[in-house]
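Report on one structure; see the data block that follows.
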Amino acid sequence: MIITAFIMPLNAQNSQGKVQDALGTPLSDVSVFIENELISKTDAQGIFTLSQTLELPITIKLKHPNYYIRTVRYSKDNSVFELTALETSLDLEEVLISSTYQKESQVIIPTAKISSEKFEEFSPIDLTSAINETPGVYIQSGAINTNRIVIRGVGSRTLYGTNKIRAYFNGIPITNGIGETAIDAFDPEDIGNLEIVKGPKASQYGTNLGGTLLLNSKQALEGETYFKSNLTVGSYGLIKNNISVATTNDKLALNLNYDHLKSDGFRENSNYNRKALLLTSNYTFDAKNDIGLLINYTDYFAQIPSSISKTAFNEDPSQAAFTWNAAQGFEDNKQVLIGLNYTHRFTNNFSNTTSIFYSYLDHYEPRPFNILDEYTNGYGARTLFAKDFKFLNHKANLSFGAEIYSDQYNWKTIENLYDSNANNGSLEGQLLSDNIENRNTLNAFATVTLPITEKLKAQLGVNFNTTNYKFKDDFNTGENNKNADRDFDPILAPNLNVLYQFTPNTTIYVNVSRGFNYPSIEETLTPEGVINPDLGPETGFNYEIGSELFLLDRKLKFQLSAYLLDIDNLLVADRVGDDQYIGRNAGKTEHKGIELSASYTQKFSNGFLLSPYINAEITDHRFIDFVDDQTDYSDHQLTGVPKVKINGGLQLGFKNFNLNTNFIHIGDMPLNDANTLSSDAYTVFNTKLSYKNSITKDFDIEINIGVNNFTDKQYASSVLINAVGFGNSEPRYYYPGMPRNWFSGIKIAYSI
């Protein structure tokens, strides 16, 4: 449901606004704020009044308990605004997928949404902490550029990086042809919101077993033009500067963001230097047509300290792995993402958005065992149709479309002669391998959303996928050549979401969905380097039930969910060498969990804000049928996943001051499939204090200071499961987390 606010002159003394819903019905009790001060409220006719003493243009904030808060820039040339209803307060008569281009999942049951305000509660280099507050989601972070996202246990067996989820930025896929995603390519200060769909529920964005991440960039409010800069300094040589220039009017929206981040790191061989540029733009030709552009460029150099053994972790967590330090290992990345989308509205209730996109990754990584030199060219297209129609005298919606993605991955390995380079780090030797992989994926999807009654809504989706790989060996010839193709059987994945709304403040929902994950080409290779034709995708069914409840005039919110995810043909990567992993379909896992979120927000008339929250999950992820090399691990706990994760915090605000404190507790987790080793549980506390003020009506300033891990807890922020020690070396399971560290920043914003 959309409400629209109209602001118009009343007389010579005052101006007047009106707030109404999409049907033209006046909406009362909408609060109007200027600089956190309540200045007006709408009456029974939806009317509010602004004083003549307010000099235009001016920024106002509109708040209603059933609608998303929105800050808008009011001027003589910009007087019409829209507010979007909270999902749980939606009149079930309303359409959930509008006839416009969307960058949201449009799943009718609750999903996790992280706003830019939540990201701002943490350090501006910290993307993972805000995401880790989501129940069911756990990011293990070995470094700024080394993250592994696990959703409800899915992805925990990925040794490095993130796969088994699908991610999009402004509607453009950022997941490559074998399902790998690197979210560290995006600056937290540029993200306007992030939606997390847990499990295979979002048919139009693929049905990966882990789920879907939908990132969207910030943009200026309508009628706003601004320049913003944020400079942050901190422990271990941290320097970060983010600069944004943006403007939006009724025709053009343009945002340009530049980011530079430098850190010496707290470990040996852990320097990091990143420069990034993000350009987003949208142009509206007329009421029926608009076009959008996305360009994101990231260039970073990151040294790699790698994981260390338990002995080294206990003695000195700041040390790097010996061989990685000797080789002065690093990765040098250059990434480009370009997307162009076009939206056409055939009628008021039928539209299409089509996008084309291109991505490029140039990656160079000297490791102790070899040097990896690779580059990837990816490209594709995506189209989505949305049609509103009548069903049982209610408004319903059908969306359908397809996405084609192809990439060519060129990689070679080179001998590393660091041990004979007079302590000068890595040195290229002989070529060891030279390969090309072509990876092609087609997703076709359709979703129908049907309001059965005024309180009951159902959503049925289906996704059809076909994937193939082509492997070309440009190094070996004759009998040793490993050229091969692999075409996987098509997969059909349906899902069903049902939502029942008892009252505007109480809903229950259920989900049943099927998902899948394909293996990478490397996982399909045998020890001899030949593609294994018997290795197939993981498949599974997700079952979920939950409820969302609002109390005390929607100041108190509860969300509770329980899920069961059964996965067959589990993909297991066995380590057979320093950089050799062999994939197998090893058995079955069962993922069970309960997730709870509770938050309360109270704003007082004197400007004081009180907002505590807590999130918790209790899980039981187990191998149901898992035999590895004649050893039976059935009924063992799934490796690399904590049974318990709890986080919470308290936000206190008074006029221009804001204090955020938060904590995260991670329970112990098995480090090997035998469950004979476990990581230690830990709790980390963070805090941030900020002061904001408007120097003039156009010039704002913020000063902040924060401390992370202020109890100086020694903990492992990431682990390497089933680590193997070669020779007489001790297995290296642990990536040490940051010790106590501080940061401080100053933000300036100038609006025109």
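None of these values were measured; they are calculated from a predicted model.
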Would you call the rings of F516 and Y518 parallel, tilted or perpendicular if under 30° counts as parallel and over 60° as perpendicular? perpendicular
Any chance you could lay out the salt bridge (Lys or Arg N to Asp or Glu O under 4.0 Å) test for E617 and R152, step after step, and finish with the verdict? CA-CA 10 Å; E617 63 180 89; R152 292 179 171 175; over 6 Å; no
The residue among N208, T175, N176 that forms side-chain hydrogen bond (donor to acceptor under 3.5 Å, both in side chains) with T181 is T175
Could you check if a side-chain atom of I196 sits within less than 4.5 angstrom of a side-chain atom of I131, using non-hydrogen atoms only? yes
Using only heavy-atom distances, determine whether the side chains of Q501 and T507 contain a donor-acceptor pair under 3.5 Å. no
Carboxylate-amine/guanidinium contact D286 R345, below 4.0 Å: no
Could you tell me whether K592 and E590 make a salt bridge, using a distance below 4.0 angstrom between a side-chain N and a carboxylate O? yes
Taking T248 for its side chain and A220 for its backbone only, find out whether a donor-acceptor pair lies under 3.5 Å. yes
Side-chain heavy-atom pair N517, P537 within 4.5 angstrom cut-off: no
Centres of the Y283 and F285 rings: under 6.0 Å? yes
Closest non-hydrogen contact found for F389 with N397 is CE2-C, 3.5 Å
Could you tell me which non-hydrogen atom of K118 sits nearest to which non-hydrogen atom of I114, and how far apart they are? CG-CG2, 3.7 Å
Are the side chains of T449 and L398 in touch, meaning some heavy atoms are under 4.5 Å apart? no
Would you please indicate yes or no on a ring centroid separation below 6.0 angstrom for F400 and F385? yes
N542 vs L209 side-chain heavy atoms within contact, under 4.5 Å: no
Are the side chains of F488 and T466 in touch, meaning some heavy atoms are under 4.5 Å apart? no
Cation-aromatic face contact R382/Y205, 6.0 Å, 45 degrees: yes
Please check this pair: side chain of T134 against backbone of V137, looking for a donor-acceptor N/O pair closer than 3.5 Å. no
For the residue pair T212 and I165, establish whether any side-chain heavy-atom pair is separated by less than 4.5 Å. no
Applying the side chain to side chain contact (heavy atoms under 4.5 Å, CB included) criterion to Q559, which one of S547, S599, P110 satisfies it? P110
Salt bridge or not between K198 and E544? Use side-chain N to carboxylate O under 4.0 Å. no
Heavy-atom pair with the smallest gap, counting every atom of I594 and Y563: N-CE2, 4.5 Å
Determine whether more than 12 heavy atoms belonging to other residues, nucleotides or ligands lie under 6.0 Å from atom CD1 of I618. no
Which heavy atom of Q204 sits nearest to which heavy atom of S399, and what is that distance? OE1-OG, 4.0 Å
K164 bridged to E538 by N-O distance under 4.0 Å: yes
For the pair Q459 and V107, evaluate side chain to side chain contact (heavy atoms under 4.5 Å, CB included) and give the outcome as yes or no after the intermediate values. CA-CA 8 Å; Q459 187 176 62; V107 174; 4.2 Å; yes
According to salt bridge (Lys or Arg N to Asp or Glu O under 4.0 Å), who are the partners of D568, at least two apart in sequence or on a separate chain? none
Considering all heavy atoms of both residues, which atom of K557 and which atom of E548 are nearest to each other, and what is their separation? CE-OE2, 3.1 Å
Pair listing, salt bridge (charged side-chain N to carboxylate O under 4.0 Å, His left out) test, anchored in residues 202-219, at least two apart: E120-K218
Residue among N495, N443, N463 satisfying side-chain hydrogen bond (donor to acceptor under 3.5 Å, both in side chains) with S203: N495
Working for side chain to side chain contact (heavy atoms under 4.5 Å, CB included), residues F346 and N352: CA-CA 8 Å; F346 302 99; N352 170 259; 3.8 Å; yes
Side-chain donor-acceptor pair under 3.5 Å between D190 and S217, yes or no? no
Audit row: L215, I174, side chain to side chain contact (heavy atoms under 4.5 Å, CB included) steps and yes/no: CA-CA 10 Å; L215 297 88; I174 57 175; 4.2 Å; yes
For the backbone of G153 and the side chain of S156, can you confirm whether one donor and one acceptor N or O come within less than 3.5 Å of each other? yes
Going through the checks in order, is the side chain to side chain contact (heavy atoms under 4.5 Å, CB included) test met by I291 and L340? CA-CA 7 Å; I291 190 169; L340 185 68; 4.0 Å; yes
Can you name the nearest heavy-atom pair linking R514 to T207, along with the distance? O-CB, 3.8 Å
Atom CG of N170 and atom CG of N216: how far apart are they, to the nearest 0.5 Å? 5.0 Å
Is the shortest heavy-atom distance from the side chain of S31 to the side chain of F33 under 4.5 Å? yes
pair D290-N282: side-chain heavy atoms closer than 4.5 Å: yes
With sequence neighbours left out, write down each residue that passes side chain to side chain donor-acceptor pair (under 3.5 Å) with H591, or none if nothing qualifies. T589
Can we say K645 and E133 salt-bridge, meaning some charged N sits less than 4.0 Å from an Asp/Glu carboxylate O? no
Using the ring of each side chain (for Trp, its six-membered ring), is F169 parallel, tilted or perpendicular to F186, with breaks at 30° and 60°? parallel
